[in-house]
Amino acid sequence: MATTPPPGGTPPGRPPGPGSGQPPYGAPYGNAPYANSPYPNDPRNYWRYQKEQNKAAWRTQRDMWRAQRDAMRAQSRAMRVPSVTGPVILISIGVIALLLITGRIDSDMFWSWYGHWWPLLLIGLGLVALAEWAIDLRREGPPTRRFGNYFGLIILLVILGCFAGGWHHFWGPLRAQFGDDGDNFFNSLGEPEHDLDQAVLDTKIPANAQIVIQNPRGDISISSGDDTNLSVHAHQVAYASSDTSAKKIFDSQQAHVTVSGNSVLVKVDGNSSGRTNLTLVVPKTASVNVTADHGGVTVAGVGGNVDAEVQHGDLETTAIQGYVHARLS
């Protein structure tokens, strides 16, 4: 007895397809997974099509992630507020550089100070950040402070501080080989020495005058006299290859006396290629305040007080009737 296959069935041993009673591969009413693909009759092309669809979906998801990331970055930037740390550092560097260039601050003294006290920079920046944090706490929706642009500059200043401190520790013993005033150093370069005695500065001053003496390079010798006048003898030394160059050095390191009431200023302009040795005779009742960067100081027989700051040199006091306050590096 013959068996009639059900509608839509497939006779035994016959693959689906045309004339089999089932729809062919890819027919819109078929059950194949690639039935609705552009490649209804080719399974290999269908898998390629599926791969392209997955790539397209991944690109769409990636673009969505990027858009979300950019939106979050824009929102974060909108909430950021620049810190005043950077402008404060730049202004400070500019002011110090201007003072160094104009000679208001001695460069050797500044780097010696900076090499010793540079940690104060970090303390100051920390106080600025703490003040900004306290101010932001009082705001609704406190912003995010932005310090990243200035970290490189801060690290550079810290490195300079470490270098300056190490350099002065290294240069201290080495300076002893060349002399505190640098004479032997210039002689080692082969520059001939030129000498000049400046005209004696004899100035009448009050008996109880406060005499301030500033000499960046050279020795200072102070003694007392019975006269009420201030006598300043300046012996200048220059290291130069010609008399013309030596004259320029002499002109740049002249000694000057300025009297203003009871205050008297004796000042020598600095020059790195020479020195000026001062010999002063002051009234017995006068007080002296001495600042010497490169050179020794000797004070004898002064009836007033002695205040001395010696950076690189020795200090010797004899028969001082007042107090002696000394600061030595």
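Residues: numbered from 1 along the sequence shown.
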Practice item. Say whether Leu278 and Ile249 are linked into one hydrophobic cluster, either directly or through other cluster members, by side-chain heavy-atom distances under 4.5 angstrom. Key: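 No: no chain of side-chain contacts under 4.5 Å links Leu278 to Ile249.
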Check your understanding: Is there a path of hydrophobic side-chain contacts, each under 4.5 Å between heavy atoms of I, L, V, M, F, W or Y residues, that connects Leu90 with Ile96?
Key -> yes
Listing, residues 317-325 side-chain donor-acceptor contacts under 3.5 Å, not counting sequence neighbours, or none:
none

Review point. Does a sphere of radius 6.0 Å around CG in Asp226 hold more than 12 heavy atoms from other residues, nucleotides or ligands, not counting ones at 6.0 Å or beyond?
Key: no
Can you tell me how far [atom2] of [Y] sits from [atom1] of [X], rounded to the nearest 0.5 angstrom?
X	Y	atom1	atom2	answer
Ile213	Leu265	CD1	CG	9.5 Å
Leu328	Gln311	CG	CD	9.5 Å
His256	Gln214	NE2	CD	12.0 Å
Asn229	Thr203	CG	OG1	7.5 Å
Asn277	Asp197	CG	CG	10.0 Å
Asp195	Phe250	CG	CZ	6.5 Å

**Study point:** Pair Asp63 + Arg59, salt bridge at N-O below 4.0 Å
**Key:**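 Between Arg59 and Asp63 there is no salt bridge, as every charged N stays at least 4.0 Å from the carboxylate O atoms.
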Judged by atom type as modelled, is there a donor-acceptor pair below 3.5 Å linking the side chain of [X] to the main-chain atoms of [Y]?
X	Y	answer
Ser231	Val281	no
Gln210	Asn289	no
Gln236	Gln253	yes
Ser287	Asn305	yes
Asn215	Thr276	yes
Asp219	Gly296	yes

**Study point:** From CA spacing to verdict: side-chain contact (heavy atoms from CB on, under 4.5 Å), Trp118, Leu160
**Key:** CA-CA 9 Å; Trp118 67 264; Leu160 287 177; over 6 Å; no
Considering non-hydrogen atoms only, spot the tightest contact between [X] and [Y] and give its length.
X	Y	answer
Ser245	Ala240	CB-CB, 3.6 Å
Pro283	Ile205	CD-CD1, 3.7 Å
Ala292	Ile220	CB-CD1, 4.1 Å

Review point. Which pairs pass salt bridge (charged side-chain N to carboxylate O under 4.0 Å, His left out) with one or both residues in residues 295-304, sequence neighbours excluded?
Key: none
Exercise for review: Quick one: do Leu230 and Val266 satisfy side-chain contact (heavy atoms from CB on, under 4.5 Å)? Show the steps, please.
Suggested key: CA-CA 10 Å; Leu230 168 66; Val266 180; 3.8 Å; yes
Review point. Can you find a heavy atom in the side chain of Ser252 that is under 4.5 Å from one in the side chain of Asp269?
Key: no
Review point. Less than 4.5 Å apart, any side-chain heavy atom of Ile222 and any of Val306?
Key: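 Side-chain contact under 4.5 Å: no.
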Practice item. Please name all residues satisfying side-chain hydrogen bond (donor to acceptor under 3.5 Å, both in side chains) with Lys267, sequence neighbours left out, ordered by chain then number. Key: none
Check your understanding: Hey, mind stepping through Val212 and Ser263 against side-chain contact (heavy atoms from CB on, under 4.5 Å) and telling me if it holds?
Key -> CA-CA 8 Å; Val212 178; Ser263 299; over 6 Å; no
